[in-house]
2 protein chains.
Amino acid sequence: MFPWKSTLVIDNLALRAKYLQLTDQFIKEISAGRLAPGQKIPGTRQLASLLDINRKTVIMAFEELEAQGWLDIKSSSGTYVSMKLPITIADNITTSAVPYDNFNIRLINNYDFIPAYEPIPPASINIDGGSPDYRLAPIDWLFKECRSISKSKYGQRLLAYGGVKGNEDLRQALTKYLRETRGMTLSKENILITRGSQMGIYLAMSGLLKPGNNAVFGSTSYDAAEWAASNSQANIIRVNIDEEGIDTDHLASICKQQKVHLVYVTPHHHFPTTVTLSNERRIHLLQLSLKYKFIILEDDYDYDFHYASNPILPLASLNTGGNVIYIGSFSKIFAPNVRVGYLVANKEVIKNLSRLRRIIDRQGDQIMQSAIAESITSGELNRHLKKSLNVYRQRRDSFSKLIDSEVSDYASYKLPEGGMAIWCEFKGLQLAQLKPIINSKGLYMDIDPDLSVRFNALRLGFASINEKEQKKAFEILGPAVKQLASLTSF
Amino acid sequence: MFPWKSTLVIDNLALRAKYLQLTDQFIKEISAGRLAPGQKIPGTRQLASLLDINRKTVIMAFEELEAQGWLDIKSSSGTYVSMKLPITIADNITTSAVPYDNFNIRLINNYDFIPAYEPIPPASINIDGGSPDYRLAPIDWLFKECRSISKSKYGQRLLAYGGVKGNEDLRQALTKYLRETRGMTLSKENILITRGSQMGIYLAMSGLLKPGNNAVFGSTSYDAAEWAASNSQANIIRVNIDEEGIDTDHLASICKQQKVHLVYVTPHHHFPTTVTLSNERRIHLLQLSLKYKFIILEDDYDYDFHYASNPILPLASLNTGGNVIYIGSFSKIFAPNVRVGYLVANKEVIKNLSRLRRIIDRQGDQIMQSAIAESITSGELNRHLKKSLNVYRQRRDSFSKLIDSEVSDYASYKLPEGGMAIWCEFKGLQLAQLKPIINSKGLYMDIDPDLSVRFNALRLGFASINEKEQKKAFEILGPAVKQLASLTSF
């Protein structure tokens, strides 16, 4: 006899109604072939007693199963698994321990080149790779605004499907904002609202690069941008970088040897080394782009954070013949989780990439976008930027003083003109060994395995922690570095 | 002489400071090669008078330009464009009217197969293709929850970067929710939070299909899923559909002829025809999947909306050997703009696809995800589902009565057991001609050019408009259909 009692188990504490639990289990057993078409099922009275449940529960389950076509209830002779169902050979069904073994699919790649995310314990101090301090941002203002937009007659419509290029208010506000802050002349049709700069990078790499196309990156560069190019199966070509940013003479010699399709740059502050691309090289890069017909993908994620003079105009603001695709973000202004950014390009590129975006996630959060538009037009954004620029400048200075006083024997750096991180080289230390030492004391740092080995350097984010937290961090980091140095010297 | 006056134009009304406007324009002229290295610039007094601006503005601009390295100010002899800059030949720089002409890039495709979004005028009535009514949803509850989460000590951390698989609270709540509503047994590691079902579809198609792989769709199917497969350059193979859903015997014969890699299905209610996949075919489909080793991509976007008996268990809840990837969504429950959904699969698939997601947009909105988790655990979601299920059932019935009374001579349909739309065939009418007639009267409908020609049928969404709005819609639609019929019969 079928092992009714051990197979059909009712959880008295579950929220799902008992008769539905029984229904589910019958369907699973029938689908798996363990109950075959035509098989006779015990009567309701017998089953209720076997399972120690109310007979009414069994009756309701049988009615449901009959309505759904799994059982035939014949008043004369009893209840049977429906003969209309195909026979399943139970042996066919095994749960594969090794994934993909059951599939014809063979992964192009298993994305192992993209590291897993490691969460940081709540009570610890974190020197990140250069994130904003969301505690300074008008987050509550944003959510209040979202709420009031979603309640208004006009704003309520933003809850429905909308245009894939993004909220009209934000695109309109951005044309003005980009003109006034970056000297860009453009119309709404040049703007696609994205989810942070990452989606802008992905759309450009995925929509424009074919397998085998050549994409140039600095010899150190933003890893998640390289991953997106790798995902498109582009060839990654590396151009030298130095204290003026990417070496455009080297780029010129690369272009002479092979067709270059795209050059990814963060000219405002090179990632990860934080240097600003010099004017000579900016002009040279644009000239090369026109001569050799490559796209410049300008990722200007930290334009708003420049402490020296006024921020340098983006490449995209110069006369570029349409060869520059420009990416900006609000995630560095508000908070990493506020994933709103934009991609600026010629209309045809925007049209194509917005259709690609259509199949990725249909549309962004129009309500949040509208709230950000309001922050631009009301001046809230500017007020916040002014305040945070001041705070971050102070934090950069206090952080650099701590490096000087606590780890100066081992560390060398140049004070960055902008951004949220200091690029700091540690002479002779094996940085990979730093992690367990500081983690055990409650300090976490973004130790990039590649950069820490190739350059013995780290990006030390100063913006997201205040002076008190910085001090605490160095109370752990200072001794840890000294400990590591003493280990290394033996 | 350089045409200073016509080139350098200061906008007195712009928010950007005048000296910065002047700075921007100098940089543009120098970059474009119209001002060459070594060229002498007029004195501050002369330029101020030429441009009719304050001399101090010019001095500040020159200081900024010198600090940025664009100008050399020699106190003895005057101001010059920096000799350190490379010479640009102005003729090189032309703004391309034809996009992509300046690029080596040749688009894989220009995404013309994805239609542009057409906005609907505010005051009009809209019979969509089957959307929820966001006016019924607890949107204000959600935003209130978001605000309070973002202010709490714990929730504030969700503003930072987090895990790419999605908010932990929501993944935890979903394991319980999917067990209780769908009889699924799974752990957090089987769940990746996405942005609506569309991102789940995109991740699966993009991460698992190689160019030339065979993807099977119903002979009519969800277009945005097909677009995602086309984007991966998969071959689209069509399997017949009828009143029981996709024809699995036909699928079996396809599998005998060629390797099938993925089968996309919406078994709960076939898109667009709204029929439910029969039990026989469900079991047959699972058997075929195991025999021929294809992935079943089960898009269960409207599981929660079934009016007949209890909803039918998803394929993924049966014993599948891990061959089913399951996609669900909250967008149909709350509002299209609330783009939160989930993908359920074996751990290894989740690991790989979450890394692909990492390079697309880094992460979803963790605050909104946490609010949705709270809606599950607090019972808010269930209360809303119960209410909307009742309202939608009534709206389905009232809509069908209006078809019967207003257009029954031309229309035939079967009352759907669930979902948000009625699949309605119109005998002999040329539906493409309906659009201008109804649009001019303020009624908008989702007239799919492909379906309306191939099947002479439309998906009529009944859920998003109340009975009063439905009546108004048919006051326009009824006469329009009659008008169209009289045109066609001649």
Side-chain angles (χ1 to χ4, degrees), chain A residues 15-16 24 27 31-32 67 69 85-86 92-93 96 99 102-105 110-111 114 117 134 139 143 146-147 150 159-161 163 180 183 195 198-199 202 208 227-228 259 261 279-280 283-284 290 293 295 309 313 318-319 321-323 335-337 346 348 352 355 358-362 366, chain B residues 15-16 24 27 31-32 67 69 85-86 92-93 96 99 102-105 110-111 114 117 134 139 143 146-147 150 159-161 163 180 183 195 198-199 202 208 227-228 259 261 279-280 283-284 290 293 295 309 313 318-319 321-323 335-337 346 348 352 355 358-362 366:
Chain A
L15 269 182
R16 189 161 172 87
D24 293 350
I27 294 173
S31 309
L85 298 169
N92 265 351
I93 297 177
S96 163
N102 274 3
F103 301 159
N104 289 326
I105 295 287
N110 62 9
Y111 300 106
I114 303 171
Y117 167 79
Y134 52 75
I139 300 295
F143 278 118
C146 283
R147 222 186 130 189
S150 76
L159 289 163
Y161 289 115
E180 289 177 357
R195 288 183 42 77
Q198 188 61 39
M199 185 181 259
Y202 180 80
L208 301 175
W227 299 335
K259 200 180 247 193
H261 297 83
N279 293 326
E280 295 92 302
I283 295 178
H284 194 196
L290 291 164
K293 298 192 167 215
I295 290 173
S309 54
L313 279 191
L318 308 178
N319 206 333
N323 277 26
N337 192 60
N346 82 41
E348 194 65 16
N352 295 336
R355 289 181 184 191
R358 164 77 180 79
I359 60 172
I360 293 177
D361 74 340
R362 182 56 182 81
Q366 301 184 100
Chain B
L15 269 182
R16 188 160 171 88
D24 293 351
I27 293 173
S31 309
L85 299 169
N92 264 352
I93 296 177
S96 163
N102 275 2
F103 301 160
N104 288 326
I105 296 287
N110 60 10
Y111 300 107
I114 302 171
Y117 167 78
Y134 51 77
I139 299 295
F143 279 118
C146 283
R147 222 185 130 189
S150 76
L159 289 163
Y161 289 115
E180 289 178 356
R195 290 183 40 76
Q198 187 61 41
M199 185 181 257
Y202 180 81
L208 301 175
W227 299 335
K259 199 178 248 193
H261 296 85
N279 294 326
E280 297 92 302
I283 294 178
H284 193 196
L290 291 164
K293 299 193 167 214
I295 290 173
S309 55
L313 279 193
L318 308 177
N319 205 335
N323 277 26
N337 192 60
N346 82 40
E348 194 66 16
N352 295 335
R355 290 182 184 191
R358 165 74 180 81
I359 59 172
I360 293 177
D361 73 340
R362 182 56 181 80
Q366 301 185 100

Point-to-point distance, once rounded to the nearest 0.5 Å, from OG of B:S31 to CG of A:L313:
8.0 Å
Rounded to the nearest 0.5 angstrom, the CZ-CD1 distance for B:R147 and A:I139 is 12.5 Å
Walk me through whether A:R358 and B:W227 qualify under side chain to side chain contact (heavy atoms under 4.5 Å, CB included).
CA-CA 10 Å; A:R358 164 77 180 79; B:W227 299 335; 3.7 Å; yes
Is A:I27 close to chain B through its backbone or its side chain, or both, or neither, when contacts mean heavy atoms under 4.5 Å?
both
When you measure from the side chain of B:R355 to the backbone N and O of A:I114, does any donor-acceptor pair fall under 3.5 Å?
yes
Side-chain (B:Q198) to main-chain (A:I359) donor-acceptor, under 3.5 angstrom
yes
Could you look at B:L159 and say if it's the side chain, the backbone, both or neither that has a heavy atom under 4.5 Å from chain A?
both
Give the minimum heavy-atom separation between B:C146 and A:F143, together with the two atoms involved.
CB-CE2, 3.6 Å
Mind running side chain to side chain contact (heavy atoms under 4.5 Å, CB included) on A:Y202 and B:R362 for me, showing each step along the way?
CA-CA 10 Å; A:Y202 180 80; B:R362 182 56 181 80; over 6 Å; no
Keeping B:N337 on the side-chain end and A:A160 on the backbone end, is there a donor-acceptor pair under 3.5 Å?
no
